[in-house]
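Worksheet: the structure to be examined is printed underneath.
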Amino acid sequence: MTDSVVTRFAPSPTGFLHIGGARTALFNWLYAKKHGGKMLLRIEDTDRERSTEAAIGAILDGLRWLELGWDGDVIYQFSRAARHREVAEQLLANGKAYRCYATPEELTAMREKARAEGRTRLYDGMWRDRDPATAPSSNNIKPTIRLRAPQTGETVIEDQVQGRVVWQNENLDDLVLLRGDGNPTYMLAVVVDDHDMGVTHVIRGDDHLINAARQKQIYDAMGWTLPNMSHIPLIHGPDGSKLSKRHGALGVDAYRAMGYLPAALRNYLVRLGWSHGDQEIFSTEEMIAAFDLASVGRAAARFDFAKLENLNGHYIRNADDQSLVKMFEDVLDHVVPSRDEIKAKLNDTTRAQLLKAMPSLKERAKTLIELIDSAYFIFADRPLELDPKAAALLTPENRKLIGQLHSALENVETWSAASAEAALRAFADENSLKLGAVAQPLRAALTGRSTSPGIFEVLDVLGRQESLGRLEDQAKDPAKDQATT
């Protein structure tokens, strides 16, 4: 062990980086940063049937997107199997472990009897003190190696979140360290890896709390120092039930696809189970400075999409416009359904239009998806495809009005939001119309929708040529055109 803080994030690559795992990674990252230490990354890929390269890729990509960088190279647990076996053999040689030749049938009978008697210790220790030489040669059983766990006294974990947690040793099994096929178990591999990696602080979900008792017994048997333990409560849904996909039990990639900003998601996750007074919004620097394990609560945190969405809206409104343009472009590769038609039209001109529109667009958007939808008018093909509400606005009378507005705007010499507004207000006054009666059909003609950023900003963003072209398109009466055809 070293004096500096070393944390680790150790996901199993059997699926995506889910939201609970992302919070665990964040807490480890913050604690390491706070104390000037390191956060290591270990992929626990010992389950060869369920571990996949795609899942590993998703985990690494998710951490990078959340900007939770790790220190050093990624450690792959399966590659260290020889070291795990070495420790099991060392425990065996030191009398801290023993070979167990129990058959599957014997183990099943033991478990059934223990459960029937209400005992939590399922293995009865039948091979704990027997001479391996007495094992029947005819049963072809490849022995496991089990830890010779203490049978009396207590195993105690001083947990920074849960407090002092005590287990009676009489209730804990002699756990398997090495399976009959020679593969190390998860319990052994975690202890050996944490020790060899110099991990000083283990921060993980409280579903691992029982594992801490078993792992401490391995540490004790090896004479190793137990890392500082912190078991954080799991995340539940808003109703207090186990988190499901309906509540938000999704992969980090899904949150990216829904248009959440990594900074907003980090800020939301840090407040799930941890608090710092009444403060809700934290910069990354503030998070690092304030984070401590003593302020992590013991009760399960509740996931709330509405709060996340509101927080995300705050981050969008306060983001730099140029940065939002880049995030807008980056997220197009991840959203469903695909926005390929927008990607195809991203060029210097449309990026400049998007940047000009951003101050107005971001005021209304809570996610990047809403931002994309609001900006769609910039990329729409002519003649515009009208949504039902916009189509209803463009009555024959309003199409005639659009033609008149085209003429009024055509006379604007220096095109800007201000000059367009002046021309439209003058037109409304001259024709005894309220500005709203002019703006709504104008919005439909320019954007194909009944809602958009301010109409003067829309005119400014689209520019003179495109604005007049769209108005000319919609000034025509489709019914008359069809009849002529």
Side-chain angles (χ1 to χ4, degrees), residues 9 16-30 33-34 58-59 61-69 232 235-238 243 245 247-291 295-296 301-336 339 354-355 358-375:
F9 178 52
F16 47 66
L17 174 61
H18 61 81
I19 202 69
R23 185 190 61 165
T24 299
L26 174 63
F27 281 16
N28 277 280
W29 186 84
L30 288 172
K33 292 292 181 184
K34 169 77 176 280
I59 289 168
D61 187 49
L63 290 172
R64 291 189 187 105
W65 178 72
L66 279 170
E67 298 169 10
L68 300 178
I232 56 180
I235 302 172
H236 286 180
L243 194 66
K245 287 186 178 180
H247 295 135
L250 305 168
V252 166
D253 58 326
Y255 288 90
R256 183 197 308 194
M258 288 187 285
Y260 292 100
L261 275 57
L265 190 54
R266 288 198 308 271
N267 192 155
Y268 182 72
L269 289 175
V270 80
R271 289 287 288 108
L272 282 180
W274 173 82
S275 61
H276 183 66
D278 295 328
Q279 187 171 348
E280 294 287 342
I281 297 171
F282 295 82
S283 67
T284 300
E285 293 73 20
E286 288 173 329
M287 275 189 225
I288 292 170
F291 186 78
S295 296
V296 176
R302 297 196 178 195
F303 193 93
D304 187 332
F305 259 121
K307 286 186 178 180
L308 172 58
E309 194 171 81
N310 287 333
L311 186 62
N312 201 62
H314 168 85
Y315 273 84
I316 287 177
R317 289 190 298 276
N318 288 277
D320 170 74
D321 293 343
Q322 190 70 58
S323 298
L324 277 177
V325 171
K326 185 178 187 309
M327 285 188 272
F328 177 104
E329 188 167 351
D330 290 344
V331 82
L332 292 174
D333 288 329
H334 302 280
V335 296
V336 178
R339 301 301 203 279
L354 186 58
L355 183 61
M358 198 57 75
S360 181
L361 291 173
K362 70 183 185 182
E363 287 302 313
R364 297 168 173 81
K366 290 184 177 179
T367 67
L368 291 176
I369 303 306
E370 290 183 5
L371 198 68
I372 291 170
D373 290 342
S374 297

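Partners of Arg302 according to the salt bridge (charged side-chain N to carboxylate O under 4.0 Å, His left out) rule, which considers only residues two or more places apart in sequence or in another chain, do not exist here. Applying the side chain to side chain donor-acceptor pair (under 3.5 Å) test to Ser295 and every residue at least two apart in sequence or in another chain returns Asp292. Remark: Asp253 engages no residue in a side chain to side chain donor-acceptor pair (under 3.5 Å) (not counting sequence neighbours). Residues satisfying the salt bridge (charged side-chain N to carboxylate O under 4.0 Å, His left out) criterion with Glu67, sequence neighbours excluded, are Arg266. Taking the salt bridge (charged side-chain N to carboxylate O under 4.0 Å, His left out) definition, one finds that Lys362 meets it with Asp321, sequence neighbours left out. In terms of the ring-ring contact (aromatic ring centres under 6.0 Å, His included) criterion, residue partners of Phe282 (sequence neighbours excluded) are, by chain and number, Trp274. Residues forming a side chain to side chain donor-acceptor pair (under 3.5 Å) with Asn267 (at least two apart in sequence, or on another chain): Tyr315. For Glu280, the side chain to side chain contact (heavy atoms under 4.5 Å, CB included) test picks out Arg271, with sequence neighbours left out. By the ring-ring contact (aromatic ring centres under 6.0 Å, His included) test, Tyr268 pairs with Phe303, sequence neighbours left out. In terms of the side chain to side chain donor-acceptor pair (under 3.5 Å) criterion, Lys33 has no residue partners (sequence neighbours excluded).
In this structure, CG on Leu354 lies 5.0 Å from CZ on Phe328, to the nearest 0.5 angstrom. Rounding to the nearest 0.5 angstrom, the gap separating the CE atom in Met358 from the CD atom in Gln322 is 9.0 Å. Here the straight-line distance linking atom CE of Met258 with atom CD1 of Ile369 works out to 9.5 Å at 0.5 Å rounding. Annotation: the span from Asn318 atom CG to Ser283 atom OG amounts to 12.0 Å, rounded to 0.5 Å. Here the CG-CG distance, from Leu368 to Leu261, works out to 5.0 Å after rounding to the nearest 0.5 Å. Tyr260 OH to Leu265 CG: the interatomic distance, rounded to the nearest 0.5 Å, is 9.0 Å.
For Ala319 against Leu324, the heavy-atom pair with the smallest separation is CB-CG, 3.7 Å. In terms of heavy-atom proximity, His18 sits nearest to Val252 at O-CG2, 4.4 Å. Nearest approach of Phe27 to Leu272, heavy atoms of both residues: CZ-O, 4.0 Å. Among all heavy-atom pairs drawn from Arg23 and Ala301, the shortest one is NH1-CB, 4.0 Å. Nearest approach of Ala375 to Leu361, heavy atoms of both residues: CB-CD1, 3.7 Å. What you find for Leu269 and Leu26 is that their closest heavy atoms are CB-CD2, 3.9 Å.
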Tell me, with the steps shown, if Leu17 and Phe9 meet side-chain contact (heavy atoms from CB on, under 4.5 Å).
-> CA-CA 11 Å; Leu17 174 61; Phe9 178 52; 3.7 Å; yes

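Using a 4.0 Å cut-off between charged side-chain N and carboxylate O, Asp373 and Arg339 make a salt bridge.
Side chain of Asn312 to backbone of Leu308: no donor-acceptor contact under 3.5 angstrom is found. A donor-acceptor pair under 3.5 Å is absent between the side-chain atoms of Glu329 and the main chain of Val325, judged by distance alone. Using a distance-only test at 3.5 Å, with no hydrogens or angles considered, no donor-acceptor pair links the side chain of His276 to the main chain of Gln279.
Sorted by first then second residue, the salt bridge (Lys or Arg N to Asp or Glu O under 4.0 Å) pairs that include residues 306-320, not counting sequence neighbours, number zero.
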